[in-house]
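For reference, the structure discussed in these notes is given below.
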Amino acid sequence: LEDIPCRFASKTAQDVRELQQTYAESTYHLALNGYYPSVTSTMLVTVDGTLYEIDGQPQHDGNDKTTRIYLREVDP
């Protein structure tokens with residue numbers, strides 16, 4: 001799937017503190033303009049040149065008009 005009209009927005013941002021390190025973790029919300037049942041949680045998504053993994057299962061509205069997915073940035 002390529003060049004799908006969508007709306008991309010930040011969902012959460014937080015600092016994760018572990019024993020040896022602290023790092024930033026952000027999640028994003030992507031609303032696709034259309035019903036895409038073939039999108040699965042194992043796919044990777046590129047938005048504006050940045051690679052993301054799908055966080056959880058894609059969601060669809062009750063009328064099969066839109067697809068919503070949550071994303072996490074993939075470390076290069």
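Quick note: numbers below take in every heavy atom, side chains included, and nothing from hydrogens, waters or symmetry partners.
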Inset, instruction - Can you sort out the partners of His60 under side chain to side chain donor-acceptor pair (under 3.5 Å), two or more places apart, ordered by chain and number? - result: Thr67
Going from [atom1] on [X] to [atom2] on [Y], what distance comes out if it is rounded to the nearest 0.5 angstrom?
X     : Y     : atom1 : atom2 : result
Phe8  : Ile69 : CZ    : CD1   : 9.5 Å
Tyr36 : Leu1  : OH    : CG    : 7.0 Å
Arg68 : Leu30 : CZ    : CG    : 11.5 Å
His29 : Tyr70 : NE2   : OH    : 4.5 Å

Inset, instruction - For Asp61, check salt bridge (Lys or Arg N to Asp or Glu O under 4.0 Å) against everything at least two apart and list the hits. - result: none
Let me check something: any side-chain donor-acceptor pairs from residues 37-54 under 3.5 Å, sequence neighbours excluded? List them with distances.
residue: Thr40; atom: OG1; partner: Thr42; partner atom: OG1; Å: 3.0
residue: Ser41; atom: OG; partner: Gln57; partner atom: NE2; Å: 3.2
residue: Glu53; atom: OE2; partner: Arg72; partner atom: NE; Å: 3.2
residue: Glu53; atom: OE2; partner: Arg72; partner atom: NH2; Å: 2.9

